[in-house]
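All remarks here apply to the structure that follows.
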Amino acid sequence: MVSRPRSIVVLTGAGISAESGIETFRAAEGLWANHHVDDVATLEGFARNPQLVYTFYNQRRRQLLTPEISPNAAHSALAKFEHEFGGEFLLVTQNVDNLHERAGSENLIHMHGELLKMSCLNSKLIFDVSEDFDYDTQCRCCRSAGNLRPHVVWFGEMPLQMNRINRALENCDMFVAIGTSGNVYPASGFYQTAKIRKARTVELNLERTGSSFDQHICGPATVSVPQFFNSLLRSISAN
């Protein structure tokens with residue numbers, strides 16, 4: 001382990017929010033199981049049946065806003081580390097929920113967008129949203145209906161803030177992937193970029209993936225994340 005890392009990039013995926021009750025991507029029992037990805041997560045699917053797409057994301061947003069969904073120990077441990085770590089820290093999440101923010105994380109990028117935002121198809125302006133919206137909802141900037149879409153990155157679209165993410169990866173000396181297989185581009189290249197720059201790479205996941213991380217820690221995120229980052233803080237303090 002890098003004894004005193006100066007710059008850390010953390011990538012989180014569905015596995016960190018699963019223990020908070022958020023369905024993982026295409027989980028057998030989850031919302032994705034009832035919809036083909038091409039129908040609810042592509043521009044083509046949105047053009048074919050926008051109401052289906054609106055309904056799908058409205059359901060996910062409603063679930064996120066229920067009292068039962070809250071940040072877990074893994075989210076809290078990352079926020080604590082960010083606030084106590086003296087170096088540079090960037091948290092990149094593939095998740096569209098707001099659990100990292102609710103736990104207190106601040107230097108955060110949602111590379112796949114956010115459920116609690118919508119965007120205008122014409123102006124590309126982004127608006128906060130907590131209620132259902134659909135084709136009949138009036139856009140705040142256009143003042144007309146039919147111009148709004150979920151602020152979520154679909155298949156075939158480029159993830160958000162990739163330039164900033166790549167700069168951080170090129171300059172970090174530790175990269176940690178949590179709750180993600182990392183098998184889908186561009187996340188699949190994150191640890192490779194970090195390794196090329198001689199950063200130490202760590203994977204925290206339920207099961208070890210096929211990626212060649214320097215260190216693999218298997219177990220639930222609510223256990224492995226607090227243990228790893230609390231240990232890292234102690235190590236930094238000791239040095």
Side-chain angles (χ1 to χ4, degrees), residues 1-17 25 71 74-117 124 126 151-154 157-205 209 211-217 221 224-226 228-233 235-237 239:
M1 179 182 292
V2 177
S3 59
R4 193 177 182 87
R6 297 181 304 276
S7 178
I8 299 175
V9 177
V10 175
L11 171 69
T12 64
I16 197 170
S17 292
F25 180 65
H75 297 103
S76 298
L78 286 171
K80 176 178 180 290
F81 182 86
E82 177 186 348
H83 293 158
E84 297 184 14
F85 177 52
E88 296 181 4
F89 181 86
L90 177 64
L91 175 57
V92 181
T93 185
Q94 297 171 293
N95 301 332
V96 295
D97 61 60
N98 66 342
L99 298 182
H100 282 303
E101 291 95 327
R102 289 167 61 185
S105 292
E106 295 179 355
N107 198 18
L108 171 66
I109 293 176
H110 280 274
M111 63 180 290
H112 289 164
E114 302 175 62
L115 269 179
L116 298 181
K117 295 185 185 296
K124 310 304 180 186
I126 299 167
H151 182 56
V152 173
V153 175
W154 290 328
E157 297 181 318
M158 180 60 69
L160 307 175
Q161 300 194 52
M162 285 301 298
N163 288 337
R164 182 184 170 197
I165 294 170
N166 284 323
R167 285 196 301 270
L169 289 166
E170 290 170 357
N171 290 291
C172 74
D173 48 26
M174 177 176 284
F175 170 66
V176 185
I178 302 169
T180 175
S181 67
N183 291 329
V184 178
Y185 179 84
S188 59
F190 285 5
Y191 90 97
Q192 294 174 340
T193 299
K195 283 180 75 72
I196 290 172
R197 298 292 177 158
K198 308 301 182 184
R200 179 156 188 85
T201 58
V202 184
E203 175 186 50
L204 283 70
N205 212 344
T209 66
S211 301
S212 301
F213 286 84
D214 295 314
Q215 183 179 2
H216 301 265
I217 301 173
S224 62
V225 174
F228 177 82
F229 282 96
N230 287 336
S231 175
L232 184 56
L233 276 175
S235 174
I236 292 170
S237 299
N239 290 297

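No donor-acceptor pair closer than 3.5 Å links the side chain of Ser235 to the backbone N or O of Ser231. Side-chain atoms of Asn205 come within 3.5 Å of backbone N or O of Thr180 as a donor-acceptor pair. Remark: side-chain polar atoms of Thr201 are paired, donor with acceptor, to backbone N or O of Asp214 under 3.5 angstrom. Remark: the backbone N or O of Gln94 is paired with a side-chain donor or acceptor of His112 at under 3.5 angstrom. At distances below 3.5 Å, at least one donor-acceptor pair connects side-chain atoms of Asn95 with backbone N or O atoms of Gly13.
Considering CG of Asn166 and CE of Met162, their distance stands at 4.5 Å, rounded to 0.5 Å. We find the OG1-CG distance between Thr93 and Leu11 to be 7.5 Å, quoted to the nearest 0.5 Å. Interatomic distance, NE2 of His83 versus CG of Asn107, reported as 10.0 Å (0.5 Å rounding).
Using cut-offs of 30° and 60° for the angle between ring planes, the Phe175 and Phe190 rings count as perpendicular.
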Side chain to side chain donor-acceptor pair (under 3.5 Å) assessment of Ser17 paired with Asp97: CA-CA 8 Å; Ser17 292; Asp97 61 60; 2.8 Å; yes
CA sep, side-chain torsions, deciding dist, call: Asn230, Lys80, side chain to side chain contact (heavy atoms under 4.5 Å, CB included): CA-CA 9 Å; Asn230 287 336; Lys80 176 178 180 290; 3.6 Å; yes
Step-by-step side chain to side chain contact (heavy atoms under 4.5 Å, CB included) determination, Arg164 to Leu90: CA-CA 10 Å; Arg164 182 184 170 197; Leu90 177 64; 3.6 Å; yes
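Residues Glu82 and Leu108 have side chains not in contact (no heavy-atom distance under 4.5 Å, counting atoms from C-beta outward).
With sequence neighbours left out, His100 forms a ring-ring contact (aromatic ring centres under 6.0 Å, His included) with His75. Residues that satisfy the ring-ring contact (aromatic ring centres under 6.0 Å, His included) test with Phe81, not counting sequence neighbours, are Phe85, Phe89, Phe229.
Heavy atoms only, all atoms of each residue included: Val153 and Met111 are closest at CG2-O, 3.6 Å. Minimum heavy-atom separation, Ala103 to Ala79: O-CB, 3.4 Å. Across all their heavy atoms, Val225 and Ala77 have their closest contact at CG1-CB, 4.1 Å.
The side-chain contact (heavy atoms from CB on, under 4.5 Å) test with Val10 is passed by exactly one of Val92, Leu204, Leu78: Leu78.
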